[in-house]
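First comes the structure, then the notes that go with it.
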Amino acid sequence: MTTKQSPEETSKLGLLLVDKGFITSEQLHTALRLQRATPPTSPDYKYLGQILVEQKYIDAQQLQFIMQKFGKKSRLGDILVRCKAITEQELQIALAEQRKSGERLGTVLLKKSMVSDETMRQALSSQLNIPYIDISRLNIDHNLTKIINRDYAFKHKIIPISMTDTSITLAMDDPTNTDVASELEMFTRLKVNIVTSSQSAIKGAFNRLYPGENQSGSSDTTLDDDSDTSLDISFDLDDESTDEIRKPQYVEAHESKRADLVVQKILGWALQKQASDIHMENLDHHMVIRFRIDGLLQEFDLGSLQDDINLFHREMVSRIKILGKLDIAERRLAQDGSFRSHIVRNGEKTNIDFRISIVPSYYGENIVIRILDSQKAPSTIENLKFSSKLTEKMTKLFMANTGIILVTGPTGSGKSTTLQSGLLTAYRPGLKVVTAEDPIEYVYDHFMQCEVNEKIGLTFASYIRVFLRHDPEIIMIGEIRDSETAEMAIRAAQTGHLVLSTLHTNDSLGAISRLAGLGIDPSMISSSLIGVISQRLARRVCENCAEPYTPAPDLINEFFPAPPTDIEWRKGTGCDRCNHTGYKGRVAIAELWEPSHHDMLLINKKAEFEELKISARNSTIPLIEEAVIKLKAGETTLDELTRIIPFSFIEDYREQQRLQLQS
C-alpha cells in the first residue's frame with residue numbers, strides 16, 4: 001500500500017478531471033504548481049484533489065463523484081499515514097488484524113489504541129474536505145427517521161441531520177464510504193451532503209433519533225426468539241417508479257409497517273422453516289404467502305404480519321425488484337434476478353443466495369424466491385444416505401473414465417443434487433472438470449462452471465462443442481432437453497470423456513425411450529450409456545414426535561401381498577418442529593440401472609420395451625427395494641411412499657413378492 005499519490009497517479013487524476021470537463025488545463029497546471037511547492041514528506045503536503053477544492057475549481061461533491069466513478073477512492077490507511085496519525089508499520093499491523101477479524105480498519109485502529117477517534121476524524125475531514133461538526137449539540141428532526149429507517153442507519157452508521165427539498169445531509173462514521181451516499185442519492189433523488197463527527201457523538205445522536213430500539217451491537221435482525229440465526233438484509237426507501245424524480249415518501253415509522261422489514265421477516269420466516277421456495281401470490285387487495293417445505297407448499301398463520309403484507313404488497317414487490325436489480329417500472333413482462341445475503345448461525349456467517357422469478361398475473365405480479373443455502377450444497381454420494389449397497393455401486397459408477405451417466409426423475413426429485421454429488425465423487429486432483437448449468441446454483445473451486453444463456457446463443461449443445469477443445473476428463477450438462485444436446489453429449493462420451501447429465505423421465509428405462517425420441521441412434525446409446533439413476537424424494541418422519549403406529553390394512557395390502565412382520569411402523573404425530581405435518585426433512589430414494597451386455601444387445605436391436613424391462617431386472621437395484629429399506633428403518637411411511645412412487649412400480653413389486661411367496 002502506498003502512502004501518497006505518485007506523480008503518475010496525480011497526473012492521471014488531473015487529466016481525468018480535464019477530460020471530463022470538471023477543470024481546464026490551465027487550472028490543472030496551477031494546482032500542480034501549488035502541489036509541487038510543498039515537499040511530499042511535509043505534513044502540509046496536499047493531494048491534488050484537496051488543492052482543486054481549496055482553489056474552488058471543483059467542489060467536494062464533484063471530487064467524490066470522480067473518485068468513486070473512476071476508482072480513485074481515498075483509503076483510510078493512506079490518509080492517516082499521510083497525516084502522520086499512524087506509521088506505515090502500524091498500518092500493516094492493523095491491516096493484518098483486519099484480515100483476520102473482518103472488522104473495519106478504523107475499528108481495528110481504535111481497538112489497538114493506534115489512533116484516537118478525534119485524531120482520525122480530524123484527519124479524514126481535513127484530507128477529504130468534509131466538514132467536521134459536533135452533532136451532539138444539534139437538535140435533529142425526528143421526521144428524518146421516515147426517510148432513513150433504523151436498520152439502514154444502524155448498518156451503515158449514518159445519521160440524517162437535516163434535509164431540504166433538494167438535498168439531505170448525513171453524518172457518517174466512515175466518510176470514505178461513498179457507496180452509501182451514491183445508493184441514497186439514487187433512491188431518494190436528493191443530493192447527499194456528507195459530514196463527520198466523533199464516534200461517541202454519532203452513537204448519541206442515533207440513540208436520540210431512534211429511541212426505544214434494541215442496539216445490541218449487531219446490524220443483523222433476529223429471525224426468531226428461540227433461534228441463533230439472523231439475517232443481514234437492509235434496504236430502504238420507496239422506489240415505486242423511475243419515470244419521474246420522486247420526493248421522499250413519509251411512510252409509517254413503526255418497523256412492522258415498513259415494507260422492507262416485512263420482506264425481511266418473510267425471508268427470515270422461510271429460513272427458519274427451512275423452506276426451499278417462497279411463493280408470493282397477488283390476489284384481489286391482498287397477497288398470499290406460501291412456503292415450499294419438504295417438497296410441499298404450506299401456508300401459515302402469519303398473524304399481524306399478514307396485515308402488513310396486505311397493506312404493503314405493491315411496495316414489497318418493488319423492494320424485491322430492487323434487491324434483484326430488476327426494472328421496478330416494468331410490470332408487464334416476466335423478470336428474473338438474484339441477490340445474496342448472509343445469515344449468522346451460532347456466530348458464523350453463511351452465504352445465502354436468493355433467485356427471484358416475477359410473473360405478471362390478473363391481480364398483479366407474482367413472485368417465487370428460490371433459497372440456496374451454501375451449507376446445504378451437495379457433497380458426495382456417501383452423504384446422500386442411500387443404502388450401503390446402492391452407495392457402493394453408485395460410487396464405483398462415478399469413478400468410471402468414460403461413458404455417460406444419466407440421472408432421471410420428475411421435477412423436484414433431487415436430480416441436480418445427485419448429479420452434483422456424483423460429480424464431486426468423480427473428481428480427483430489432476431482431472432479437468434467443466435460444467436454447463438442453468439443456472440449455476442453452487443460454485444465449486446475446482447470446476448470450470450458456465451451458465452447457459454440461450455438469448456445470446458450459449459446453449460448446452462454449444463457449450464459441449466467448446467468444452468471438447470478445453471481438454472476435460474469430466475463434462476457435466478445440467479439437462480438434456482433437445483436432440484442437439486443429446487447427440488453432442490453422446491458423442492463426447494464416445495470420445496473418451498465421462499459425461500453426466502439429467503433427463504425428465506419416470507424411471508431409469510425411460511431414458512432409452514426419451515433418447516430415442518430425441519433421434520439418437522440405438523447403437524450410439526448402447527455404446528456409451530454406462531448407468532442410469534432414477535430417484536424420488538420422500539418426506540422423513542419427524543424424530544421429535546415419532547411414535548409407533550399400524551397403517552390401515554388396505555394400505556398395507558396395496559404394497560405387500562401379506563402383512564410384513566419385519567417392519568416397526570413409525571409416524572410423526574405433528575409438533576412445532578415439523579409444522580404439525582409429522583415430517584421433517586426429506587430422504588432420497590433411488591434406483592440404479594447399469595446396462596448389462598444383454599441389455600445393450602436389446603437396445604441395439606430396438607427390442608420391445610417389455611423385453612428390455614425383463615432383462616434389466618437382473619442389472620437394476622429397483623427403486624421400490626430402496627423404498628422398503630427406508631420403510632424398515634422407520635425413516636418414512638407407507639402414506640408418503642404411495643404419494644411419490646408411481647402405482648405401476650408398487651403393483652410390480654407386489655406381484656414379485658407374491659411370486660416369491662408361492663415359490
Side-chain angles (χ1 to χ4, degrees), residues 334 336-338 353 355 357 370 372 377-378 397-398 400 402-427 431-444 446-506 508 510-522 524-525 527-535:
D336 293 323
S338 63
D353 290 309
R355 283 183 9 220
S357 176
R370 169 64 58 86
L372 300 172
L397 175 66
F398 281 106
T402 62
I404 184 168
I405 302 171
L406 299 173
V407 183
T408 69
T411 300
S413 60
K415 297 188 300 296
S416 296
T417 298
T418 299
L419 186 69
Q420 293 190 0
S421 297
L423 186 65
L424 290 164
T425 300
Y427 174 75
L431 298 185
K432 176 69 173 287
V433 177
V434 293
T435 75
E437 304 171 59
D438 184 21
I440 296 173
E441 294 189 348
Y442 299 103
V443 178
Y444 299 95
H446 305 298
F447 306 158
M448 185 181 86
Q449 295 175 264
C450 306
E451 188 161 281
V452 168
N453 188 341
E454 295 185 355
K455 292 180 180 179
I456 59 174
L458 294 176
T459 63
F460 286 121
S462 65
Y463 269 127
I464 298 175
R465 290 192 185 92
V466 175
F467 287 165
L468 293 177
R469 295 194 289 271
H470 274 253
D471 189 30
E473 279 81 20
I474 303 174
I475 300 174
M476 189 192 87
I477 305 299
E479 182 183 348
I480 293 178
R481 300 173 179 169
D482 52 66
S483 56
E484 185 181 14
T485 304
E487 183 175 352
M488 291 298 300
I490 294 290
R491 291 193 183 281
Q494 289 179 322
T495 53
H497 304 87
L498 179 64
V499 180
L500 316 179
S501 191
T502 67
L503 273 178
H504 281 282
T505 65
N506 276 334
S508 53
I512 304 301
S513 302
R514 176 66 175 145
L515 290 173
L518 292 174
I520 304 301
D521 187 88
M524 294 178 65
I525 300 173
S527 65
S528 59
L529 185 66
I530 61 173
V532 184
I533 299 164
S534 179
Q535 75 173 55

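Atom set for the values below is all heavy atoms of this structure, side chains included, hydrogens, waters and symmetry mates excluded. In this chain, numbering begins with 1 at the start of the sequence shown.
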Exam field: side chain [X] to backbone [Y], donor-acceptor pair closer than 3.5 Å:
{"X": "T408", "Y": "V532", "value": "no"}
{"X": "Q535", "Y": "G409", "value": "no"}
{"X": "S528", "Y": "I404", "value": "no"}
{"X": "K432", "Y": "D471", "value": "no"}

Rounded to the nearest 0.5 Å, how far does [atom2] of [Y] lie from [atom1] of [X]?
{"X": "R370", "Y": "S338", "atom1": "CZ", "atom2": "OG", "result": "13.5 Å"}
{"X": "S483", "Y": "L515", "atom1": "OG", "atom2": "CG", "result": "11.0 Å"}
{"X": "D482", "Y": "L518", "atom1": "CG", "atom2": "CG", "result": "7.5 Å"}
{"X": "I405", "Y": "L423", "atom1": "CD1", "atom2": "CG", "result": "10.0 Å"}
{"X": "I512", "Y": "L406", "atom1": "CD1", "atom2": "CG", "result": "8.0 Å"}
{"X": "I474", "Y": "T402", "atom1": "CD1", "atom2": "OG1", "result": "11.5 Å"}

Results of salt bridge (charged side-chain N to carboxylate O under 4.0 Å, His left out) for E473 - residues two or more places apart only: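 Partners of E473 under the salt bridge (charged side-chain N to carboxylate O under 4.0 Å, His left out) test: none.
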
Set of salt bridge (charged side-chain N to carboxylate O under 4.0 Å, His left out) partners for E437, sequence neighbours left out: none

Sole candidate of I480, L529, I490 that passes side chain to side chain contact (heavy atoms under 4.5 Å, CB included) when paired with I520: I490

Worked verdict on S416 versus E441 for side-chain hydrogen bond (donor to acceptor under 3.5 Å, both in side chains): CA-CA 10 Å; S416 296; E441 294 189 348; 5.5 Å; no

I440 and T435: CA distance, side-chain angles, deciding distance, side chain to side chain contact (heavy atoms under 4.5 Å, CB included) verdict: CA-CA 9 Å; I440 296 173; T435 75; 5.7 Å; no

Side chain to side chain contact (heavy atoms under 4.5 Å, CB included) between H497 and L468, worked out: CA-CA 9 Å; H497 304 87; L468 293 177; 3.6 Å; yes

Contact check, side chains of M476 and Q449, non-hydrogen atoms, under 4.5 Å: no

Pairing residues for S357 by the side-chain hydrogen bond (donor to acceptor under 3.5 Å, both in side chains) criterion, not counting sequence neighbours: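 In terms of side-chain hydrogen bond (donor to acceptor under 3.5 Å, both in side chains), with neighbours along the sequence ignored, S357 is linked to D336.
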
Derivation of the side chain to side chain contact (heavy atoms under 4.5 Å, CB included) call for I464 and V499: CA-CA 10 Å; I464 298 175; V499 180; over 6 Å; no

Side chain to side chain contact (heavy atoms under 4.5 Å, CB included) assessment of T459 paired with T485: CA-CA 8 Å; T459 63; T485 304; 5.8 Å; no

Considering all heavy atoms, the nearest [X]-[Y] contact:
{"X": "V434", "Y": "P472", "answer": "CG2-CB, 3.8 Å"}
{"X": "I530", "Y": "G403", "answer": "CG2-CA, 4.1 Å"}
{"X": "G478", "Y": "S501", "answer": "C-OG, 4.3 Å"}
{"X": "S462", "Y": "G457", "answer": "OG-O, 3.2 Å"}
{"X": "G422", "Y": "L500", "answer": "C-CD1, 4.3 Å"}
{"X": "I525", "Y": "A516", "answer": "CD1-N, 4.3 Å"}

Whether F447 and Y444 hold their rings parallel, tilted or perpendicular, with breakpoints at 30° and 60°: tilted

Pairing residues for [X] by the side chain to side chain contact (heavy atoms under 4.5 Å, CB included) criterion, not counting sequence neighbours:
{"X": "T425", "answer": "T380, I381, T395, F398"}
{"X": "E479", "answer": "F460, R481, T502, H504"}
{"X": "H446", "answer": "Y427"}

